[in-house]
Amino acid sequence: MSRFRDALVAAMTLFVGRLARPRESRGRIVAAGPTDPLAELAVLGLLGLASAAAVAFVVLYAVGESTQYLGLSLGLSLLFVGAALVVTGRRLVATEELEEDYPPAGHVDDQRRVEQILEESGDRLTRRRLFKLGLLGTGGALGLALLTPALSLGPFFQTRYYLGTPWRRGRRLVDENGRPWRADDIERDDFYTAFPESANEEELGSPLVLVRLAPRNLRLPPKLKGYDAGGIVAYSKICTHAGCAIAMYRAPLFLPSEPRPALVCPCHYSTFDPAAGGTVLFGPAGRPLPMLPIEVDARGFLRAKGNFDGPVGPSWWGVRMSRANP
Ligand code: FES
């Protein structure tokens with residue numbers, strides 16, 4: 001930490017000192033060393049390779065390549081930067097062995113001394129401008145590569161795509177064979193999967209879980225009142241944690257002493273309360289399961305009354321501010 005502080009003070013001193021006054025000529029402090037054009041070329045080449053590997057990371061990320069290639073490109077970039085620093089330290093920067101630390105630069109003369117040491121330590125470089133460009137380019141490319149994964153935090157543009165579902169008012173609920181579900185088919189202590197009739201089952205917003213509960217046990221929040229059809233509730237089957245399918249239902253056999261009914265995601269055990277609007281009872285999910293309003297038509301079939309009360313699928317940065325598209 002103190003080394004970092006010293007380096008920071010030295011850099012500030014150099015910068016401020018340069019602005020404040022022209023350089024005076026005085027005797028050297030750091031012994032002049034030989035230039036090493038070959039080492040300079042090697043460092044510039046390594047910086048170029050580091051930049052190329054960092055840019056490759058961004059490109060591989062954009063085309064959706066595997067994480068192995070992403071790790072390889074980023075690792076190579078850091079490796080080349082490390083190699084460039086090692087060559088610079090060993091061959092291009094003057095080094096000296098000190099018995100003790102430099103005294104704190106309290107006096108103006110001490111500060112000038114530090115400035116001079118810093119300048120003279122790097123004056124073996126014959127291509128300073130090229131070096132600065134190389135460092136800037138590599139820093140920029142690496143910075144871009146490190147920022148790129150932030151795109152995975154969620155969609156930034158065109159979020160409508162993530163909010164649309166095939167559910168519309170009047171659309172029937174069907175099973176995986178396309179057979180419409182009747183309200184009478186849905187029994188207590190079991191759960192069922194449903195899809196929208198005549199729509200793409202593969203869409204994220206398509207699959208539902210259906211559960212029948214005793215109407216007196218429902219505790220739906222006010223905004224979800226009327227979403228059930230005589231105790232039958234319908235939720236998105238896609239877990240709001242990371243998008244696995246809700247595949248387990250806990251149906252208590254003796255309500256007074258057993259835990260309440262719950263829909264459970266097998267991936268990380270997020271547990272949702274079907275009687276209370278899909279609220280999270282346990283696990284890493286950060287928001288309730290989206291609920292679909294349903295009704296029973298004159299012929300006894302289950303139909304949607306509209307779209308979900310919230311966006312389906314795993315959570316992303318703006319999901320709480322959004323509503324499923326009507
Ligand atoms: S994906 Fe469901 S709990 Fe993690």
Side-chain angles (χ1 to χ4, degrees), residues 61 64-68 70-71 149-156 158-167 173 175-176 186 189-196 199-213 217-221 223-224 227-228 232-252 258-294 304 307-325:
Y61 190 92
E65 260 303 343
S66 70
T67 47
Q68 283 87 345
L70 291 174
L151 293 175
S152 291
L153 291 177
F156 284 83
Q158 299 180 347
T159 50
R160 280 182 68 82
Y161 171 79
Y162 296 90
L163 301 174
T165 82
W167 291 104
L173 282 63
D175 66 13
E176 63 272 23
I186 311 301
D189 302 335
D190 207 347
F191 86 119
Y192 303 80
T193 298
F195 300 94
N200 183 2
E201 292 184 3
E202 301 296 318
E203 275 193 44
L204 194 67
S206 286
L208 297 177
V209 283
L210 294 175
V211 174
R212 181 187 282 277
L213 302 165
N217 290 335
L218 284 180
R219 288 167 284 103
L220 296 177
K223 70 166 188 161
L224 298 178
Y227 270 49
D228 70 299
I232 302 174
V233 288
Y235 292 96
S236 166
K237 196 179 171 79
I238 306 300
C239 179
T240 52
H241 174 227
C244 288
I246 304 293
M248 295 190 285
Y249 179 52
R250 182 179 75 200
E258 289 191 22
R260 60 182 79 162
L263 291 162
V264 183
C265 173
C267 286
H268 315 101
Y269 292 100
S270 283
T271 305
F272 304 90
D273 188 343
T279 47
V280 181
L281 294 172
F282 173 79
R287 62 192 178 94
L289 278 181
M291 189 173 189
L292 188 80
I294 54 172
N307 204 349
F308 292 98
D309 70 305
V312 298
S315 296
W316 39 279
W317 68 273
V319 78
R320 287 172 191 277
M321 298 179 283
S322 311
R323 281 190 62 81
N325 289 333

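Whatever order the structure lists them in is the order used to number ligands and atoms, beginning at 1.
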Total protein N/O/S atoms sitting under 2.8 Å from atom 4 (Fe) of ligand 1, waters ignored, is 2

Notebook entry, point to check: If you measure from CG on Leu208 to OG1 on Thr193, what distance do you get to the nearest 0.5 Å?
Noted result: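 Here the interatomic distance stands at 8.5 Å.
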
**Asked** Can you tell if the side chain of Pro261 reaches within under 4.5 Å of the side chain of Val211, non-hydrogen atoms only?
**Response** no

The single option from Leu292, Asp309, Val233 that satisfies side-chain contact (heavy atoms from CB on, under 4.5 Å) with Tyr227 is Asp309

Do you know the tightest heavy-atom contact between Val264 and Tyr269?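 Shortest heavy-atom separation between Val264 and Tyr269 comes out as CG1-CD2, 4.0 Å.
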
Is the Phe191 ring parallel, tilted or perpendicular to the Tyr249 ring (thresholds 30°, 60°)?
->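 Rings of Phe191 and Tyr249: tilted, as their planes differ by 30° to 60°.
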
**Q.** Cys265/Cys244 sulfur gamma separation below 2.5 Å
**A.**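 Cys265 does not pair with Cys244 as a disulfide (SG atoms not under 2.5 Å apart), so no.
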
